[in-house]
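Proteins come first, then strands; the chains are lettered A, B, ... in the order of their sequence lines, and each starts at number 1. Being a predicted model, the structure only gives us computed values, none of them experimental.
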Amino acid sequence: MNIFKKTILTVLASLLVIGNVYADKIRIGTEGAYPPWNSKDASGNLIGFEVELAQELCAIMKHECTIVEQDWDGMIPALLMRKFDAIMAGMSITAERQKTITFSQGYATEPATLAVMKGSSLEGMDTPAAINLDRSSSDVKKALKTITASLSGKTVCTQTGTIHQNFLESGDVGSVNVRTYKTQDEVNLDLSSGRCDVALAAKASFIDYAEASGKAVVTVGPNLSGGAFGGGVGVGIRQGGDDAIGKRDAKLLKDFNKAIDKARKKGIISKLAIKWFKDDVSM
Amino acid sequence: MITSFPKLLAATAITLKLLSASLFFGLFLGLFFAILRLNKNKFINKFAYGYSYVFRGTPLLVQIFIIYFGLGQIEYLRTTFLWVILKEPYWCAIIAFTLNTGAYTSEILRSAFQTIKPGIVEAGKSLGISNKIIFYKIQIPIAIRQSLPAYGNEIILMMKGTSLASTVTLMDLTGVAKYIISTTFKPIEVFIVAGGIYLFMTFIIHNVIKYLEKKYSFQ
């Protein structure tokens, strides 16, 4: 083997090593616009429950991680195009999404709720405090009827491509005049401007907005879960396959599941949930 | 891809509505400001220049956001009759598009007016035709013919600009394409179909303008 060949081999070998190091760094996609799950501070750094949880999970997995920002409406396509390896963006586990990607076990769940501006006719909606759509009891049916009646003729705003949009279009509450927005921030803006009569999102995002903006946003109706709202929020990962990358994705799913188990046992998830939601939404 | 096509085609109707309404109002607005630009009064002239400067110098997306989200935050405005119009994303989009295309149209028409040879106007005057008739029957038709190529370009730019309506919740061609992607997670296929529809509209506009140019050519 002459020197020339040696040099080339060394360069190639070092490239492979570098390539591997990069591939080992787990890239996690998040939206950065859905507080308290994930958002940005005044200087543009990503913060929130999932940003901190991601760091904890990576520490448990002993992996280096980077958190990548991605618009919500392109989240799943970006995962499929390998712009990152996992989604932690307040994304609920739903059957519809599971057709395309796979999820780890859920790490947190948070009820959805309707919100209006103070003084709206929807205030004081007569429903139970919480309903689970997976249970078809008479209570649930009655509550859905009340919501259907309240929403009829109203403009209902929600973020596009969310479980909340799925619920409004599922027929559970009749046919609703839905208006969809790119981000939850925009939903909040139009709720407070009066263009939206009522909005639907995770409860914490309304409470967070009311606190941060000082606007008179109030939540109404029951806490909604189950059914179109899916089975909690989990880590979204590409479906595994037989090739090298597919195997790596399958391993990543296993690693995340193990790490979530450990984090739960140590009380890390609960601790972070209380810090960001002021309520233990961990699961 | 096949199932999304009818939905996208239906959404094209909204895109065409937005385009035709904003071009219609924008043409009048543009003509009005082009005439103001030709005015000898310095104040009127500067005002018209300022309008076109501001709306040509800022992105359409920023303009539509200011009109939709910005004006919506002014509490006083929400108590006036203006809110009836500004409450609707449809009218906010048309207002933004009209103001934007109006600014470009005013520049196109102004330069067209200025290219009319003084001899033509003088010839009219020497025949004893009144200034008003010279303006309406000679200057405006010539200016419109002169500006056809540039205006055709503006129509195509505006047609593509209507895609920004989707950012203020309107379900136009781009809005519906994004909606389909949010349930199918297939951005490439859906955007290619939507892009094809935009391309087809450009093809039609381009050929109509070419036909008009030929029909009204001076040769």
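Of all heavy-atom pairs spanning A/Tyr181 and B/Thr169, the tightest one is CE2-CG2, 3.1 Å. Minimum heavy-atom separation, B/Arg78 to A/Ser193: CD-O, 2.7 Å.
Other residues, nucleotides and ligands contribute more than 12 heavy atoms inside 6.0 Å of the CZ atom of B/Phe135. Heavy-atom contacts from other residues, nucleotides or ligands closer than 6.0 Å to CZ of B/Phe191 number more than 12. Around CD1 of B/Ile188, the count of heavy atoms belonging to other residues, nucleotides or ligands within 6.0 Å does not exceed 12. Counting heavy atoms of neighbouring residues, nucleotides and ligands inside a 6.0 Å radius, atom CG of A/Asp41 exceeds 12 of them. Counted within 6.0 Å of NZ on A/Lys215, heavy atoms from surrounding residues, nucleotides or ligands total more than 12; the atom is thus considered enclosed.
For B/Lys87, the parts lying near chain A are the backbone and the side chain together; criterion is any non-hydrogen pair under 4.5 Å. Contact annotation for A/Ile101: neither backbone nor side-chain heavy atoms come within less than 4.5 Å of a heavy atom of chain B. When heavy atoms are compared at a cutoff of 4.5 Å, B/Thr167 approaches chain A solely by way of its backbone atoms N, CA, C and O. Neither the backbone nor the side chain of A/Met75 comes within less than 4.5 Å of any heavy atom in chain B. Both the backbone and the side chain of A/Thr180 come within less than 4.5 Å of a heavy atom in chain B.
Here CD of A/Glu96 is found 8.0 Å from OG of B/Ser182. Values are rounded to the nearest 0.5 Å.
Side-chain atoms of A/Arg195 come within 3.5 Å of backbone atoms of B/Leu86 as a donor-acceptor pair (strictly under, hydrogens ignored).
Residues A/Ser192 and B/Gln73 are in side-chain contact: their nearest non-hydrogen atoms beyond the backbone lie under 4.5 Å apart. For the pair A/Glu186/B/Tyr68, no side-chain contact is recorded, criterion being any heavy-atom separation below 4.5 Å from C-beta on.
Between chain B and the residues A/Asn166, A/Thr100, A/Asp73, A/Asp190, the largest count of heavy-atom pairs under 4.5 Å involves A/Asp190. For chain A, the option among B/Gly72, B/Gly175, B/Ser166 with the highest count of heavy-atom pairs below 4.5 Å is B/Gly72.
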